[in-house]
Amino acid sequence: MELPKAYDPREAEEKWYSFWESNHHFEGNVNPHKKPFAIVIPPPNVTGGLHMGHALNNTLQDILIRYKRMDGYETCWFPGTDHASIAVHVLIERGLANRELDDLLTEIGYHVPKEKRPLTRHDLGREYFVKLGWAWKNRYGSRIRGQLRALGASCDWRRESFTLDEARSRAVTEVFVRLYEEGFIYRGDRLINWCPRCQTVLSDLEVEREETEGQLYYIRYPFAQGDGFVTVATTRPETMLGDTGVAVHPRDERYQELIGKFVILPLMKREIPVVADGAVDKEFGTGAVKVTPGHDQADFEIARRHGLKVISVLKPDATTNEHAGDYANLDRYEARRRVVEDLKTQGLLERVEQHVHAVGHCQRCTTVIEPLISTQWFVRMKELAEPAIQVIESGEIQFIPDRWIKVYFDWMRNIRDWPISRQLWWGHRIPAWHCQDCKAVTVVRQAPTACSQCGSANIRQDEDVLDTWFSSALWPFSVMGWPEETPEWKYFYPTQLLSTGHDIIFFWVARMIMMGLHFMKKIPFERVFFHPIVKDEHGQKMSKSKGNVIDPLEMKEKYGMDALRCTLAALCAQGKEMRLSVQDIEGYKKFLNKLWNAARFVLMNLEALTQPSGHPSPVGHDGSGAGAKRFDAASFSESGGIKTLRGEGPLEDRWILSRLSRTIMQTRASLDRYEFNQAAKGLYEFVWHDFCDWYLELVKTRLYGSAPHAQAEAQHVLHHLLTNILQLLHPFIPFITEEIWQRLPAKTTDSIIIARYPVARNEWIDEEIERTMQKLQMLITAIRTIRSEMNVPPQKQAKVFIKAEDRQVQQLVQDYKTFFQELARASEVIVGPTVERPKAAPRIVLEWAEVFVPLEGLLDLQQEHRRLRQDLEEARAGLALTLRKLDNADFLERAPEEIIEKEKRKAREFREKVQRLEQNLQLLQGS
RNA sequence: GGGCGCUUAGCUCAGCGGGAGAGCGUCCGCCUUACACGCGGAAGGCCAGAGGUUCGAAUCCUCUAGCGCCCACCA
């Protein structure tokens with residue numbers, strides 16, 4: 001079946017994806033007869049579209065799933081999306097304020113006000129807000145699903161999950177209740193990170209620190225008794241309103257007198273004690289620090305150690321409260337301005353210095369976070385972390401690349417309790433009910449009707465939802481139906497691989513390992529592959545504001561998804577980042593075009609020559625094989641008809657099959673090591689340079705020739721190669737390979753997706769043949785170089801003289817004269833040990849031969865002279881280096897035998913080349 | 001303050017103990033009946049710097065410089 005002249009990705013991609021899906025090829029089922037290979041998708045947030053990072057990670061996962069599927073595993077890729085509690089909040093709230101969600105609001109039956117005033121979530125109320133969340137989810141969740149499909153992701157869509165759906169909610173409740181019953185979850189007052197805009201607590205991980213240019217204020221606190229003062233330094237003067245002490249280092253000579261005394265807190269006129277605490281840095285500022293336990297983590301600890309009072313001076317919206325005295329009800333920055341002003345007026349502001357320090361920002365909305373005292377739910381982590389550290393230490397779970405292990409350990413060994421409650425509405429509501437009468441808390445799976453302590457029916461469910469990462473932590477088993485006893489998790493858990501970005505190693509990877517070990521008593525996955533972060537071509541983060549975003553779907557439109565997938569795989573080295581440019585994608589698009597045309601060529605030649613006689617082939621068929629089908633597709637089997645199986649057959653066949661076997665081995669080895677770039681580049685090299693540049697050119701002789709047997713043989717090899725190339729490439733570029741596969745005259749399976757992944761044949765690997773072929777290539781290249789340098793028109797034929805003493809080389813040239821004719825436009829090839837250089841013939845000198853191409857007209861002696869000199873210098877340098885080694889007694893004594901042999905061989909070759917070059921240069925001077 | 005990574009051809013990057021590689025770009029020829037999304041040829045590098053280990057180092061170790069990232073309660 002002939003291929004159209006150009007490949008149309010648009011049509012093919014949609015067609016084949018539906019084809020695979022409707023034939024159930026993506027589905028993974030419990031199958032005791034096969035080994036499972038499962039991947040659980042890192043669920044994309046339902047906060048918009050898929051970006052290049054998603055495209056990369058899902059391409060990699062799909063490559064592995066397709067590879068393993070073809071390799072005989074029972075594969076299952078569990079897809080799904082994440083409800084992304086706080087991230088969705090931020091986006092919805094922004095949308096409400098800008099009135100961009102009116103259509104969704106109408107959809108959920110909310111009465112949308114006519115006037116264009118900004119809406120807030122409080123206008124809607126909790127019920128409508130959650131409804132809006134689901135409407136949002138339906139819109140973006142399906143968008144993501146569509147984009148994953150566009151990518152070609154072969155997910156088992158029957159098993160699609162959402163972190164907030166019913167089954168996942170059951171898992172979340174079960175885990176919460178059990179952790180509570182086991183004493184891992186507690187509720188308490190702590191100093192936490194508070195986002196004044198989101199109005200919720202955040203974990204440390206959700207706070208992004210940013211170096212900020214600020215001021216360091218030196219403030220005098222007068223002694224309560226007698227004259228004098230102590231000066232403290234602070235970056236946040238407004239928080240002094242909540243100071244309950246001053247701290248100095250216990251061994252700071254300057255302040256020994258002060259310890260235990262009292263100072264007057266300026267502006268508030270409050271007496272506060274001076275305490276000694278080891279946490280104070282003598283070198284920083286004045287060595288004396290104000291203690292504000294209500295608004296600083298370190299101060300909170302100091303206060304606890306010394307029994308200092310805790311005063312909060314800020315409200316949840318970061319305005320000052322009644323404890324701020326005269327400064328109540330001000331925005332925090334306004335309060336700062338006034339405090340500083342008044343201190344200055346009172347002569348208590350000693351000086352102000354410029355100071356760079358790290359300021360925490362909300363990860364989702366970038367608002368400056370505020371440390372506040374608040375009542376929250378926490379998970380005690382230390383005990384959960386221990387086994388999770390062990391499984392990495394023991395190697396039960398592998399990290400690739402393994403440098404991330406250290407990062408993981410550092411965090412896990414210093415792990416702190418995890419605040420899991422959030423003052424948000426979109427998320428898993430905490431399964432805890434507070435008794436309005438006795439204040440007891442009831443934590444249960446089903447909504448209770450009465451307080452478990454006093455029996456009062458006056459109970460209210462906790463208002464908070466859980467950190468979005470809480471449900472993510474359960475994902476590897478919740479997607480398999482846990483806590484139900486499903487056959488799925490018994491078969492597919494633990495999965496073989498997690499592929500993700502290193503940016504969520506703490507947020508997600510660590511927590512999955514802890515939860516998996518705790519609830520399943522087993523690791524959640526055997527290996528974690530950390531893919532590189534996608535940057536633009538200059539190493540800049542892709543961002544809308546910078547305008548350097550490369551959108552996967554736009555690339556699909558322009559170049560086809562296969563081109564993007566191929567590029568991502570080819571660039572995916574195991575570094576920390578990947579630089580991607582549109583140019584790269586264009587380049588791999590060209591590779592696909594090359595593949596397409598090579599396939600077109602092969603199929604053309606299989607078809608044209610299978611036609612019965614009477615229909616002369618358009619490609620040089622002379623009809624001598626009258627009546628015989630030269631390519632018997634029906635009887636074709638994978639390796640049937642290939643003589644080289646027994647070490648026979650033409651040089652080029654044996655060579656390409658040897659190269660094929662090596663390529664298969666390399667591809668498998670690279671994929672097994674997650675070296676996607678190596679795998680992709682190896683295939684690129686083989687397909688383009690070995691198969692297209694050399695083999696297809698060489699095989700034309702037989703295809704266009706008149707010997708039917710030779711034709712059939714070539715056809716079988718061609719078919720075998722094309723089949724294997726398609727199979728090898730399919731995981732990387734699934735669409736185009738299927739499109740071609742469907743037109744193979746003897747395809748072995750209905751779809752390439754279930755074709756067997758090629759297995760290398762050791763008996764086909766033949767180093768001798770590869771060396772011989774290389775000689776042929778070198779000779780042909782030499783002739784081409786001369787012709788090109790001397791500007792011989794490509795159409796013009798020329799005689800070629802080859803001087804070679806080696807009988808094998810002579811034989812090789814004799815046997816393959818046609819190749820010289822076809823590939824180097826040689827009208828005649830004269831080879832022998834005593835071949836004389838014809839007059840006016842430029843030459844190229846190889847280690848084992850000299851090539852001359854006599855030219856009519858003028859010779860560019862200078863150019864040739866320069867080239868020969870350069871070659872000579874190189875050869876001499878090479879020779880010198882080798883000889884130095886061989887003259888070294890230590891080398892001869894200590895280097896391995898084969899290395900010494902190699903050096904000796906090199907020395908011989910270099911010496912011969914040097915001699916030949918010297919001779920030729922001499923002759924050149926004379927001519 | 002700790003930790004990690006990077007520095008190889010004009011650009012983007014592979015290679016990570018035994019003869020310096022790719023893609024793009026550049027230059028020179030070619031519409032050769034699969035492909036101009038192509039074919040053929042060429043130029044271009046003291047592998048950041050300094051020490052060390054080794055018979056042998058772009059590759060391993062130490063230090064230095066520049067760039068980047070992560071973590072951290074110096075207010």
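Lettering of chains follows the sequences in order, A, B, ..., and the numbering in each one begins at 1. For clarity, every value in this text was computed on a predicted model and none was experimentally measured.
Counting non-hydrogen atoms under 4.0 angstrom, A:Q678 reaches the backbone sugars and phosphates but no base. Looking at heavy-atom distances under 4.0 Å, A:K282 makes no contact with the nucleic acid at all. Among the protein residues, A:R867 comes within range of no part of the nucleic acid, since none of its heavy atoms lies under 4.0 Å from any strand. If you check every strand for non-hydrogen atoms under 4.0 Å, A:D503 touches nothing. Across all strands shown, A:H538 has no heavy atoms under 4.0 Å from either base or sugar-phosphate atoms. Among the protein residues, A:H249 comes within range of no part of the nucleic acid, since none of its heavy atoms lies under 4.0 Å from any strand. Using a 4.0 Å heavy-atom criterion, one finds that A:V289 contacts the bases of the nucleic acid, with or without backbone contacts as well. Nucleic acid contact for A:E893: none, since no nucleic acid atom lies under 4.0 Å from a heavy atom of the residue. At the heavy-atom level, A:K406 lies under 4.0 Å from the strands shown only through sugar-phosphate atoms. Residue contacts for A:P371: at a heavy-atom cut-off of 4.0 Å it reaches no nucleic acid atom on any strand shown. Across all strands shown, A:H689 has heavy atoms under 4.0 Å from sugar-phosphate atoms exclusively, and none from any base.
A:H502 places no side-chain N or O within 3.5 Å of a backbone atom of A:F530 that could act as its donor or acceptor partner. No donor-acceptor pair closer than 3.5 Å links the side chain of A:D299 to the backbone N or O of A:P293.
Between A:R843 and A:E864, at least one side-chain nitrogen of the basic residue sits less than 4.0 Å from a carboxylate oxygen of the acidic one, meeting the salt-bridge criterion. A salt bridge between A:R254 and A:D252 is present, with a side-chain N of the basic residue lying under 4.0 Å from a carboxylate O of the acidic one. Ion pairing of A:R305 with A:D277 is present here, as a side-chain N (NZ or NE/NH1/NH2) and a carboxylate O approach within less than 4.0 Å.
Closest to the side chain of A:P794, out of B:A14, B:G29, B:A42, is B:G29. Of the candidates B:A42, B:G18, B:C73, the closest approach to any side-chain atom of A:A298 belongs to B:C73. Side-chain atoms of A:R579 lie closest to B:C13 of the nucleotides B:C13, B:G41, B:G18. Side chain of A:T785, nearest nucleotide from B:G41, B:G38, B:A14: B:G41. Side-chain proximity of A:Q297 to B:A34, B:C39, B:C73: nearest is B:C73. Distance from the side chain of A:W688 is smallest to B:G38 among B:G38, B:A14, B:A75. Comparing atom distances between the A:T781 side chain and each of B:G29, B:C37, B:G41 picks out B:G41 as nearest. Minimum atom distance to the side chain of A:F891 is reached by B:G18, of the listed B:A75, B:G18, B:G41. With B:A42, B:A34, B:G18 as the choices, the nucleotide that has an atom nearest any side-chain atom of A:P896 turns out to be B:G18.
Taking the C1' atoms as reference points, B:G25 lies 13 Å from B:A43, given to the whole Å. Spacing between B:U32 and B:G68 at atom C1', rounded to whole Å, works out to 50 Å. Across the C1' atoms, B:C16 and B:G56 are found 16 Å apart, a figure rounded to whole Å. Annotation: B:G5 and B:G40 have their P atoms spaced 41 Å apart (nearest Å). B:A57 and B:C46: their C1' atoms are spaced 14 Å apart (whole Å). Between the C1' atoms of B:A36 and B:U12, the separation comes to 25 Å (whole Å). B:U59 and B:G44 have their P atoms separated by 24 Å, given to the nearest Å. Distance noted for atom C1' between B:A22 and B:G52: 33 Å (whole Å).
Neither OP1 nor OP2 of B:C4 sits under 4.0 Å from any side-chain N or O of A:R403. The side chain of A:K700 places an N or O atom within less than 4.0 Å of a non-bridging phosphate oxygen (OP1 or OP2) of B:A34. Regarding contacts with the backbone of B:A75, a side-chain N or O of A:H355 is found under 4.0 angstrom from either OP1 or OP2. Proximity of A:W404 to the phosphate of B:C71: no side-chain N or O atom is located under 4.0 Å from OP1 or OP2.
Rounded to whole Å, atom P of B:U32 lies 14 Å from atom OH of A:Y704. As a whole-Å value, the separation of A:N605 CG from B:A34 C1' is 9 Å. Here B:C4 presents its P atom at 15 Å from CZ of A:F409, a figure rounded to the nearest Å. A:R209 has its CZ atom 8 Å from the C1' atom of B:C73, to the nearest Å. The CG-C1' distance, from A:N593 to B:G38, rounds to 8 Å in whole Å. The NZ-P distance, from A:K594 to B:C39, rounds to 3 Å in whole Å. Remark: C1' of B:G5 and CD1 of A:I533 are 13 Å apart, rounded to the nearest angstrom. B:C73 atom P lies 16 Å from atom CZ of A:R236, rounded to whole Å.
Mapped onto RNA chain B by nearest heavy atom, A:D299 and A:V407 fall at different nucleotides, with A:V407 at the one closer to the 5' end. With the nearest nucleotide of RNA chain B identified for both A:K681 and A:T882, A:K681 has the one nearer the 5' end.
Ring centroids of A:Y684 and A:W688 are separated by less than 6.0 Å, placing the two rings close together. Taking the six-membered ring for Trp, A:W411 and A:F506 have ring centres closer than 6.0 Å. Between A:Y588 and A:Y559, the distance from one ring center to the other does not fall under 6.0 angstrom. Taking the six-membered ring wherever Trp is involved, the centroid distance between the rings of A:H355 and A:Y217 does not fall below 6.0 Å.
Geometrically, A:K594 does not engage A:F691 in a cation-pi contact, judged by NZ or CZ lying under 6.0 Å from the ring centre and within 45° of the ring axis.
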Derivation and outcome, side-chain contact (heavy atoms from CB on, under 4.5 Å), residues A:W848 and A:E909: CA-CA 8 Å; A:W848 37 267; A:E909 285 170 1; 5.8 Å; no
For Watson-Crick and G-U wobble pairs within 3.5 Å on both distances, what is RNA chain B written in dot-bracket notation, | included for inter-strand pairing? ((((((((.[[[[.)..(..]]]].(((((.......))))).....[[[[[..)....]]]]])))))))....
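Looking at A:Q870, its side chain has no donor and acceptor atom pair within 3.5 Å of the base of B:A42.
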